[in-house]
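Worth saying up front: this structure is predicted, and the values here are computed from it rather than measured. Along the sequence shown, the residues carry numbers beginning at 1. The figures here come from the full heavy-atom set of this structure, side chains too, leaving out hydrogens, waters and symmetry mates.
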Amino acid sequence: SLCLRNPVILANVKSHYPFIDNNGWLIDDTDELEGIFSMIAENKNNILNMSEKSFNIAKSLLDYKVLAQKIYDLNVI
């Protein structure tokens, strides 16, 4: 979803924290979805900003070239 520039809704677990930075929501319960969908409907312009932030997170954390470089840098003698 991040790579496709989508705002995300993720479970509020520690492993998801790096993927959220004003580009979506961390939720504890599915009951929160209705409120999120209402916010989206009321403020569609914010979704464009969130989309760009999702893509930037994807580039920095999920891009294979970046990941490969990080692994290479760790193993340089």
Side-chain angles (χ1 to χ4, degrees):
S1 291
L2 294 170
C3 296
L4 294 174
R5 299 178 188 251
N6 291 315
V8 293
I9 301 172
L10 300 171
N12 188 9
V13 295
K14 189 175 181 178
S15 61
H16 291 159
Y17 294 175
F19 303 106
I20 296 289
D21 184 14
N22 295 314
N23 64 311
W25 298 267
L26 291 170
I27 63 170
D28 295 307
D29 191 278
T30 56
D31 292 338
E32 297 174 62
L33 292 173
E34 185 177 343
I36 291 170
F37 294 144
S38 293
M39 283 188 277
I40 291 170
E42 293 169 10
N43 192 0
K44 294 177 184 175
N45 293 332
N46 194 35
I47 295 300
L48 296 175
N49 294 330
M50 295 172 86
S51 296
E52 192 61 33
K53 289 178 182 186
S54 285
F55 188 62
N56 289 334
I57 290 169
K59 288 190 296 186
S60 67
L61 297 179
L62 303 173
D63 183 281
Y64 287 119
K65 290 180 188 176
V66 174
L67 292 171
Q69 187 63 50
K70 287 178 183 178
I71 292 168
Y72 177 78
D73 291 346
L74 291 173
N75 293 311
V76 173
I77 298 174

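Annotation: side chain of L26 is in contact with side chain of Y17 (closest heavy-atom distance under 4.5 Å). Between N23 and N56 there is no side-chain heavy-atom pair separated by less than 4.5 Å.
Across K70 and S60, no two heavy atoms sit closer than the pair NZ-O, 3.4 Å. The two atoms that bring P18 and L61 nearest to each other are O-CD1, 3.3 Å, heavy atoms only. Minimum heavy-atom separation, L10 to H16: CB-ND1, 3.6 Å.
Residues L48 and M50 do not share a hydrophobic cluster, defined by chaining ILVMFWY side chains whose heavy atoms lie under 4.5 Å apart.
Atom CD1 of I57 is separated from atom NZ of K53 by 9.0 Å, given to the nearest 0.5 angstrom. Residue I27 holds its CD1 atom at 6.5 Å from CD1 of I9, rounded to the nearest 0.5 Å.
Under the side chain to side chain contact (heavy atoms under 4.5 Å, CB included) criterion, D31 pairs with D29, not counting sequence neighbours. Judged as a side chain to side chain contact (heavy atoms under 4.5 Å, CB included), and not counting sequence neighbours, the contacts of D63 are K65, V66.
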Under 3.5 Å, which donor-acceptor pairs link side chains of residues 34-47 to any protein atom two or more places apart or in another chain?
unit_1	atom_1	unit_2	atom_2	d
S38	OG	E34	O	3.1

ask   = Hey, mind stepping through F19 and V8 against side-chain contact (heavy atoms from CB on, under 4.5 Å) and telling me if it holds?
value = CA-CA 9 Å; F19 303 106; V8 293; 5.6 Å; no

